[in-house]
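Please read the structure below before turning to the comments.
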Amino acid sequence: MIRTHACGEVSAKDAGKEVTLCGWVDTLRVTGKISFLLLRDRTGIIQIFLDTGLTEKYQHDLKKESVVLVAGIVHKRPENQVKKELKTGSIEVAAKKLELVSAAETPLPIDVIEDTTTNIDKRLDYRFLDVRREQVKHIFLVRSKIYSKTVEFFEQAGFVAVQTPKLTASGVESGAEEFKIPYFGKTASLAQSPQVYKQMFVVSGLEKVYEIAPIFRAEKSHTTRHLTEFTGIDFEMGFIKDEHDVMQVVEDYFKFLLNEIKKSCKEELQYLGVPVDIPKSIPKMTLGEARKILKEHGKTLPEDEDPDAEAEKLIGDYVKKKYNSDFVFVLDYPWKKRPFYHMRPENNKKITKSFDLLYKGVEIGTGAQREHRLDVLEAQAKEKGIDFKKMSFYRDIFRFGAVPHGGIGLGLDRITQQLLNLPNIREAILLPRDPERLTP
Ligand code: ATP
Ligand code: MG
């Protein structure tokens with residue numbers, strides 16, 4: 001390695017030692033003939049003292065965001081001169097040698113400072129520079145942990161990780177638009193859900209499967225919560241009694257996830273100013289009950305309609321006040337609005353054994369018990385006007401011994417957005433894809 005220490009790792013314990021550091025020029029302050037360089041890498045910022053000679057030689061080269069290599073001696077600061085705003089505030093490095101590794105052009109195309117005034121579109125055009133900002137970096141450190149802790153949870157819970165095709169013939173109808181692409185004289189679709197395959201591999205005998213993978217939706221929506229490519233967290237499990245078994249796993253997952261994030265992302269959460277509330281249990285309400293609550297709050301939600309963004313927000317506020325919970329399961333979505341493979345209760349064919357999970361008033365997941373009885377499934381497809389014969393490989397799943405099963409589709413980007421209270425889902429993904437954006 002070209003450095004002996006990362007910038008944020010040097011501490012008073014290293015006083016007197018020679019260290020070699022390498023990072024980006026955060027700021028250079030020249031005072032008279034000497035200067036102070038704030039050098040930054042992923043771990044933090046450290047102050048470097050440059051004497052007259054080094055200042056004279058380099059002051060015009062050390063443009064903000066250039067990469068420099070510095071060798072120098074660590075000095076402890078006197079107690080009353082500790083810089084509280086820096087993690088490394090108790091020390092300073094007196095440079096002996098300096099080397100410009102890679103110069104940054106000026107001017108920078110975006111502000112690489114915490115209080116940026118650059119708009120989000122421009123920031124996304126230069127996302128790699130934007131990520132150099134502490135704020136943005138912390139978001140992606142947390143997202144990375146959400147990803148790895150999700151894997152940890154499902155592995156511990158005995159789920160099998162699967163990777164299913166993203167190039168598909170055609171999805172099982174889910175209401176979402178598909179991206180069509182040419183495929184050797186045929187037309188393929190980019191997977192808009194791993195639904196079919198999740199069910200297939202529960203039935204295969206793997207019993208409990210999960211997948212964390214891209215999902216593509218050709219929805220021309222311009223909202224703060226929709227992307228055309230996002231990361232789905234999907235799981236599906238067999239031998240369930242009903243959809244409540246699925247909800248139990250979802251509840252266990254979020255309790256585990258939030259606990260782990262709280263423990264392992266202390267610094268990031270503190271920097272971002274985000275408290276994390278862990279639910280003791282996740283309250284449940286039927287959509288009928290939600291409708292009544294909405295009515296009391298002046299919002300009429302017609303029968304057979306899904307809650308819109310405003311309704312979800314109202315429900316979220318209500319459960320926060322009533323149960324002090326950021327989460328709520330909303331149950332029993334109307335058959336009219338749900339796909340044909342959602343199971344219906346025996347005594348009410350107008351609803352499905354489905355649920356949405358709302359987190360801080362935004363949907364982050366939709367789950368259900370699936371219909372595994374072929375005759376019922378065929379009848380349900382017919383009722384929805386779907387030609388089930390054309391979906392022979394989906395139909396086959398239920399022909400040779402299918403167990404009762406259910407699952408959920410969650411969105412990693414939405415979870416990150418809601419956990420960190422980000423105003424726009426584009427803040428929660430490195431390189432968002434939406435109807436207007438295909439680059440970088
Ligand atoms: P919405 O009603 O918010 O458009 P949906 O009900 O169409 O979402 P589902 O098909 O239920 O979405 O997908 C499961 C989960 O995947 C959602 O709860 C959400 O977390 C995530 N998700 C769905 N569509 C998108 C999208 N376009 N961008 C980002 N995440 C999405
Ligand atoms: Mg949904």
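We count ligands from 1, going down the list as the structure has it; atoms in each ligand are counted the same way. Below, all heavy atoms of this structure are taken into account, side chains as well, without hydrogens, waters or symmetry copies.
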With a 4.0 Å cut-off, would you call [X] and [Y] a salt bridge?
| X | Y | result |
| --- | --- | --- |
| Arg344 | Glu383 | yes |
| Lys180 | Glu178 | yes |
| Glu243 | Lys284 | no |
| Arg437 | Asp125 | yes |
| Lys292 | Glu289 | no |
| Asp306 | Lys337 | no |
| Lys166 | Glu211 | yes |
| Arg40 | Glu65 | yes |

Under 4.0 Å to a heavy atom of [X] - the qualifying atoms of ligand 1, by number:
| X | answer |
| --- | --- |
| His226 | 1 (P), 3 (O), 4 (O), 26 (C), 27 (N), 28 (N) |
| Thr366 | 11 (O) |
| Glu219 | 27 (N) |
| Arg225 | 28 (N), 29 (C) |
| Arg217 | 7 (O), 9 (P), 10 (O), 12 (O), 13 (O), 23 (C), 24 (N) |
| Leu227 | 26 (C), 27 (N), 28 (N), 29 (C) |

Note to self: Considering both backbone and side-chain atoms of Gly365, is one of its nitrogen or oxygen atoms within less than 3.5 Å of a nitrogen or oxygen in ligand 1?
What the structure shows: yes

Check: Does an N or O from Ile425, backbone or side chain, lie closer than 3.5 Å to an N or O of ligand 1?
Finding: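 Not met; the criterion fails.
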
Margin query: Taking 4.0 Å as the limit for heavy-atom contacts, which would you say applies to Arg414 with ligand 1: side chain only, backbone only, both, or neither?
Written below: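 Within the 4.0 Å criterion, Arg414 contacts ligand 1 through side-chain atoms alone.
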
Note to self: Just to check, does Ile364 reach to within less than 4.0 Å of ligand 1 when the distance is taken from its heavy atoms?
What the structure shows: yes

Next item on the list: Assess Glu363: does it contribute an N, O or S atom lying under 2.8 Å from the Mg ion (ligand 2)?
Entry: yes

Checklist line | Nearest candidate to atom 22 (N) of ligand 1, where distance is taken over non-hydrogen atoms, out of Tyr359, Phe216, Phe230 | finding: Phe230

